[in-house]
Undergrad: 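Quick one: the structure is below, and I'll ask about it shortly.
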Amino acid sequence: MHYSPVPMHIPDGFLSLVVSVICWITSASIIGLAISKTNKALGERQIPLMGIMAAFIFAAQMINFPVAGGTSGHLLGGALAAIVLGPWAGMLVMTAVIAVQGLLFQDGGLLVMGANILNMGLLTAAVGYGLYRSASIRSNKIKLGVAGIAAWLSVMTGALLTSLELWLSGTSQLQVVIPAMLGVHALIGLGEAMITVSALAFILRTRPDLLGEESESAKGGGGWIWVGGLIALAVVLFSPLASTDPDGLNRVAADLGFLGNAQSGAGPLAGYTLPFLAFTSLGKIGAGIIGIIVVGAVILLVGRGMKAKA
Amino acid sequence: MHFDAFDRYHEKESFVHRLDPRVKVVVTIVFIISNALLPDGAWLAFVLAWLFLLMANLLSRLGVAYTFKRSLVALPFALIAITVLFSIPGKPVGSFSIAMWNFVITDAGLLRFVSILIRSWLSVQIALLLVAVTRFPDLIHAFEHLRVPAILTTIVAFLYRYLFVLTDEVFRLLRARESRSAGTAGKRPGGGVLWRARVAGNMAGQLFLRSYERSDRIYNAMLSRGYTGHLYTLNPHEMKSRDYYVTAFAIAIIFIVQMIGRL
Amino acid sequence: MPISHATPSFVAPECEGDVLQVRDLHFSYPDGHAALHGVSLKLCNGDKVALVGPNGAGKSTLMLHLNGILGGHGEVEIGGQRITRDNLPSIRAMVGLVFQNPDDQLFSPTVFEDVAFGPLHMGLPEADVRARVTSALEAVRMSAYKDRLSHHLSVGEKKRIAIATVLSMNPSILVLDEPSAGLDPRARRTLINLLRELPITMLVSTHDMALVKELFPRTIVMDEGRVVADGLTMEILEDAELLTAHGLEKP
């Protein structure tokens, strides 16, 4: 048995440093918020629960079913984790899953892990939970139907953001990557939706208390409906726009200062350098500062080494 | 299933294995950042970075080509970058046609495409090496030392511990499904896609409930041993002078490679 | 099923400083299912007692009361102290509770971390924690396994490490749930030898009647949430009527 990777994990090298760093900062801020929220809201029981649930998501991603033509459907799990654990705990669980996949299995890179966590963990949980929450007090049938849509849209959101990151890094062309990624993930999302719905149906049959109304308000507030709804709306409106008018987006990116090769359509942050590291006087100062930092770090480490025990 | 299927650590007595895990984590990250910063077509720097990797492989006594042999995992993703071959303006170096489209590969596009692949390939190799020479629990300790929040390292530690237990359960469920779906050889298993998805979903649901109940029992086991909501860990690693020197040396080398790449 | 109330043929000897005393313990789960109906028992220092009975008899529920994880009506005293909210930490250090499935008991990535978990959470300083880990692993003859990964262990090894995880807390009583379940003959034999040698009071729930006969002078039989017999193992194993009434078999 080998470990089979899920297609949305970006490896190192495919995102520029700037995009990677922006994604890391975004993810780290959201994770920080999730940590403080879970620390406040949840009891001591939650730590082993989140740990085992992370292992559950990891293992559940291996359950696949044949679709057609040799392809198989399987689970990503962001929406499911957020629905059963609540959005904040779901985010932490997904962060751990993606971190272990990247670290232990090289399924997704390390520098780009911030992006992978954002795409597949944080956004899927927010969209999945937010949409589901809007129907959580309705009948089970409606609940499950909405959960399916939520799971599908969570995958599409992740795919769209992945495309945008690749485009901003100058790795792919917008007019190609968006239809390709969204097309593939529209199918992957169906598998996600089907497994999520039947897993939830199974839980509703056997342990309805875990998805009951009281447990719902403890998991996350009604504000999530807005968060999930707005992100989903953005995805629904943005995707057709991006694939029909890529030049417009390229122009916007250029206007925002992400210049580089924008006019060529290759991507605004191409060149894999920090914008201020270009050959301008400012860039030279920046490079100089980085050089000084590195040399300083080396000297500091040698000094520490001399102090430490052999 | 045997536990080895998920183990990436290779037990060896080597200088690199004995380094503090923090050193290995930091050097890995610096190396990957440096790769991301190297400009397109910095061939000499790419070669030097690869030599750095080969040296690390050698010093780990895993064999000089250890990571090279396993480094193709990121290759399928290269497909996503293929459009840069045609989209960057430059001198045409080749062309081919599929149906009515004619694709022209430009020199600038080729340069960019190959550079992306090399960066990715180098970065994947050092990540492979990191887990081959560091036991995963030690990696978790390194992240604890490097101030990753305890709640995350704890979830990751649980995930690592129960990854083996739960995937075992998945394989038992999958085997049970196989032994019940007695399809004729060469024929597709019965039922429509929807039905198959439902079976898979039921399995996921079942796994969820078992895991949920297990977390209850684990919680009781933790309570029985004095857990009150706060987790304490011992710090089993101490940086020795050798660890500092190696970090300084490695960073200096990577920095020089970076400088050469920008000449 | 009618419950047969066998008259206890054995009266626990009076002892000084009894390590465990349970008086008239009742407990119902939140779903209404009543698991314990007035359980009373007493263990003296050095006792090695088997707890037998069919599944659902309330053995595991009882064990969860002994260190205050569950709290029913009635009294549980450990070393003369009644369990209250405030003395829970010290009670949990005194009662070494080992669960049936070692995969639930060993929740840390490495053996060292698992055996150190108890002493660390008792707030001991690092040097003491290390010393306790070393001696606990020695006691179960697993010193060489300190740095091993838990998922690399065999079931028998896991069971022994599981016992070490509570021995490191220096408990005054060891409470084991089904220690021999799922072991092959050799691992079972090693475990029996280990339990015989451990110089500590223990209460062991089990279905393994051969183990009971070999290791425990005294046996408590539970059924439907009650203690139905408490006496010398030799006598209980000869009482065919009692054994059949509670779904037990003579080894």
Side-chain angles (χ1 to χ4, degrees), chain A residues 1 11-14 17 35 44-45 47-56 58-60 62-63 65-67 73 75 92 95-96 99-100 104 106 109-111 166 171-173 176-177 194-195 197-199 202-203 206-207 264-266 272-273 294 297-298 301-302 304-306 308-310, chain B residues 1 5 8 29 32-33 36-37 39 73-74 77 80-81 83-84 87-89 116 119-120 123-124 127-128 131 136 149 151 154-156 158-159 162-163 166-167 170 193 196-198 200-205 207-209 211 214-215 218-219 222 229 239-241 244-245 247-248 251-252 255:
Chain A
M1 161 61 210
D12 275 321
F14 286 81
L17 187 69
I35 289 175
E44 55 202 44
R45 225 204 138 269
I47 286 189
L49 178 63
M50 287 193 285
I52 306 309
M53 285 300 128
F56 157 70
F58 185 95
M62 300 196 168
I63 299 173
F65 64 95
V67 177
L75 189 73
L92 293 183
T95 300
V100 168
L104 193 56
Q106 290 76 50
L110 305 184
L111 183 58
L166 288 165
T171 303
S172 314
Q173 257 183 309
V176 179
V177 74
M194 288 191 279
I195 299 193
V197 168
S198 23
F202 184 91
I203 298 168
T206 43
R207 282 289 298 272
S264 71
Y272 278 85
T273 52
V294 171
V298 169
L301 285 164
V302 171
R304 287 256 198 130
M306 292 207 263
K309 280 180 287 176
Chain B
M1 185 198 64
R8 294 293 188 268
I29 292 170
I32 293 175
I33 291 176
L37 277 170
V73 285
F77 208 86
I80 211 90
T83 55
V84 297
S87 62
I88 300 182
I116 289 175
R119 279 192 205 97
S120 177
S123 303
V124 158
L128 274 163
V131 287
F136 200 72
I151 189 164
T154 308
I155 297 177
V156 167
F158 272 112
L159 167 53
Y162 287 99
L163 169 90
L166 295 196
T167 43
V170 167
V193 173
R196 274 176 264 153
R198 236 185 71 186
N202 279 344
M203 284 165 56
L207 186 71
F208 167 79
L209 285 183
S211 310
R214 185 186 288 280
S215 80
I218 292 166
Y219 175 57
M222 292 170 76
M239 292 279 281
K240 302 199 176 76
S241 55
Y244 288 107
Y245 294 144
T247 318
I251 289 178
F255 185 61

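Worth saying up front: this structure is predicted, and the values here are computed from it rather than measured. Numbers restart at 1 for each chain; the letters A, B, ... are given by sequence-line order, proteins then strands. Just so it is clear, the values below take in all heavy atoms, side chains as well, and ignore hydrogens, waters and symmetry mates.
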Undergrad: Go through the structure and list residues passing side-chain contact (heavy atoms from CB on, under 4.5 Å) with B:V170, not counting sequence neighbours.
TA: A:A59, A:M62, A:I63, B:L174, B:L207
Undergrad: What part of B:I29 is in contact with chain A, defined as an atom under 4.5 angstrom from a non-hydrogen atom: side chain, backbone, both or neither?
TA: neither
Undergrad: The criterion is side chain to side chain donor-acceptor pair (under 3.5 Å); which residues satisfy it with B:Y245, sequence neighbours excluded?
TA: none
Undergrad: Using non-hydrogen atoms and a 4.5 Å limit, figure out which bit of B:Y219 sits close to chain A: side chain, backbone, both or neither.
TA: both
Undergrad: Where does A:A297 contact chain B at under 4.5 Å (heavy atoms): side chain, backbone, both or neither?
TA: neither
Undergrad: What's the verdict on side chain to side chain contact (heavy atoms under 4.5 Å, CB included) for B:S211 and B:L166, showing C-alpha distance, side-chain angles and the deciding distance?
TA: CA-CA 8 Å; B:S211 310; B:L166 295 196; 3.6 Å; yes
Undergrad: Using non-hydrogen atoms only, which part of B:I151 is less than 4.5 Å away from chain A: side chain, backbone, both, or neither?
TA: side chain
Undergrad: If every non-hydrogen atom of A:F202 is compared with every non-hydrogen atom of B:G205, which pair is closest and at what distance?
TA: CD2-C, 3.4 Å
Undergrad: Against chain A, work out which of B:A252, B:A127, B:S215 has the most heavy-atom pairs shorter than 4.5 Å and name it.
TA: B:S215
Undergrad: Does any heavy atom of chain A fall under 4.5 Å from the side chain of B:T154, the backbone, both, or neither of them?
TA: side chain
Undergrad: Based on non-hydrogen pairs under 4.5 Å, which of A:L49, A:L92, A:L104 is most in contact with chain B?
TA: A:L104
Undergrad: Only pairs of heavy atoms separated by less than 4.5 Å count here; which of B:I251, B:N202, B:I218, B:V156 has the most with chain A?
TA: B:N202
Undergrad: For the atom pair CZ (B:F208) and OG1 (A:T206), what is the distance rounded to the nearest 0.5 Å?
TA: 9.0 Å
Undergrad: Give, for atom CG of B:L159 and atom CZ of A:F58, the distance between the pair rounded to the nearest 0.5 Å.
TA: 7.0 Å
Undergrad: Quick check for you: among A:I195, A:D12, A:V176, which has the greatest number of heavy-atom pairs under 4.5 Å with chain B?
TA: A:D12
Undergrad: Taking side chain as everything from C-beta outward and backbone as N, CA, C, O, which of these in B:M203 sits under 4.5 Å from a heavy atom of chain A? Side chain, backbone, both or neither.
TA: both
Undergrad: Just by modelled atom types, is the B:A81 backbone N or O under 3.5 Å from a matching donor or acceptor in the A:T171 side chain?
TA: no
